[in-house]
Amino acid sequence: MIRFDNVSKRYPGGHEALRDVSFELARGEMAFLTGHSGAGKSTLLRLIALLERPTRGQVVLDGENLGRVRRSRIPYVRRRMGIIFQDFRLLHDRTVFDNVALPLVIEGHPHAEIARRVRAALDKVGLLERERMLPITLSGGEQQRVGIARAVVHKPALLLADEPTGNLDPDLSREIMELFAEFNRVGVTVLIASHDLELVRALGRRVLRLSAGRLDTAEAAA
Amino acid sequence: MRRRPPQASPRPARAPAEAAPRRRPRGARRTGGRGGGARRPLVYLQRHAQVFIGTLGTLSRTPLTSLMTALVIGIALALPAGLYVLLHNAERLSGGWQGSARISLYLKDTVDDAGARALAARVGAMPGVRAVRYISPAQGLREFRAASGFGAALDALQSNPLPPVLVVRPALRGADPQAVQALLKRLRALPEVAMAQLDLAWVRRLYAIMALAQRGVGIVAALLALAVLLVVGNTIRLDIQNRREQIEVTKLVGGTDAFIRRPFLYGGIWYGLAGGGIAWLLIEVALWLLQGPVRRLSLLYHSDFALAALGPAASLALIGGGAALGLLGSWLAVGRHLAQIEPR
């Protein structure tokens, strides 16, 4: 599903966020990306989402070399994944329903289908009765679940999450991780960046460990 | 979430996908992008209509700001359009005057009353002549006395100094000035004529002034059209900045540039439409206010001239032009500023 071949990323100014990173994530796999803040977790996810381009090496998504993707085609690559953020990135002037509907509206689905699929996604994260509310009136955990509903509403084959539980208390964090595991059970490939080692260990999945931009090979193989 | 995404279906054919990695994305584009519109034209149109109406909703949420922008555009459009209407009316008015261009034939003293009348009949039959009026010396003196107020001075004269005069009205409507000049030349060659004078110079001057005014209106219109572009462009630019977060999120979940651009472009069209409508209203009100005084003035000149309002074609051009300028202005702003916003 995702393959990194000797990927390095150097930001303008000289900071080397990733050094010679290689790994492969199989279809249907669920893995965690850990490491200290600044270890390059976000950069790695950003390379997959085409928010950044690698300085060296190549990122292959689903058989497609992302280095060859032209700018105008980037949106269509992003539609194949769902992205979840630490700060949720919801639109605060729109209702929960409209936030979740955005990916489907972008793809131009008919109205009735959008309504049906948005409700299905909200039902999945347990927020069906909140659809008319504004995100600001929800708790942090609820907002993150809206973010997850938005990431899965268009049924992507890949879910990327950057510190999805960074702003949540331990109970809520576990709930959110359970949700990801549930999506993974129905075949969605999931890659989650998290520094919450305890939680990651408790879930017992594959762990990719980054330190100072390098992938810890021993654990990556584990 | 149990269902696989539509893109998932070609995936089992893995080997060919990797053999031709450049093919796949195009297929993906067809499923996700414009092709969706081509396959479902109704949905596509519906989407545009939704954005079009939705944009109006967004604008109406900040009525005062939107109205002020539309008002600025309206005034900027009303100025050149109003000048154009006035110029158009002036042309109509001068068209009436052109008909009154005349050639005065001052006959020689030797021509007597009967000779003058015979000449008048002959000239009246010439091509390019619409009417001839004979003014005998006695009649000329009477008219001059009545009009000039030099009665006492004229009484002091021993004899009537005025020559017999033929006033020729050329059939000028539609004819070019050259034809009038030719007529003048022929009339001047008549043996009975001492002097022929064409009162066309002032009409020419008027036309020259009008052409100048037309050019002036053109320049003002161009400048104000530029102002409209800048106003719309600046409004849309602020709008883009205010909705930066929304644009970033939309890009993150796979919104194309076209999708993101659309509401801003429709916003520009709405501003232009509203501005054009306001301009139309301003001109109609101004003409209505001027109508009474103009009528009184033209009555004093024994004319039935009335101001012509904007016709339906001109109204449509005004409002359509406003919309086009709005679209162009927002297009320029969107092109410049949208590319700068990339999700963090």
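Here is how names work: the chains are called A, B, and so on, in the same order as the sequence lines, proteins then strands, and each is numbered from 1. Computation of the quantities below employed the complete heavy-atom set of this structure, encompassing side-chain atoms and omitting hydrogens, waters and symmetry-equivalent molecules.
Other residues, nucleotides and ligands contribute at most 12 non-hydrogen atoms within 6.0 Å of the OH atom of B:Tyr84. Heavy atoms of other residues, nucleotides or ligands lying less than 6.0 angstrom from CZ of B:Arg215 number 12 at most. Within 6.0 Å of CZ in A:Arg53 there are more than 12 heavy atoms belonging to other residues, nucleotides or ligands.
Of all non-hydrogen atoms in A:Arg78 and B:Pro343, the two that sit nearest each other are NH1-CG, 4.2 Å.
Contacts with chain B were tallied for A:His92, A:Arg71, A:His111, A:Arg150; A:Arg71 has the most, counting heavy-atom pairs under 4.5 Å.
Looking only at side-chain heavy atoms (C-beta outward), A:Leu51 and B:Leu252 come within less than 4.5 Å of each other.
Taken from CD1 in B:Ile247 to CG in A:Leu91, the straight-line distance is 10.5 Å, to the nearest 0.5 Å. With rounding to the nearest 0.5 Å, the separation of OG1 in B:Thr256 from CZ in A:Arg79 is 5.5 Å. To the nearest 0.5 Å, the span separating CD1 on B:Ile260 from CD1 on A:Ile106 amounts to 7.0 Å.
Only the side chain of B:Glu342 comes within contact range of chain A, with heavy atoms under 4.5 Å apart. Both the backbone and the side chain of A:Val105 come within less than 4.5 Å of a heavy atom of chain B.
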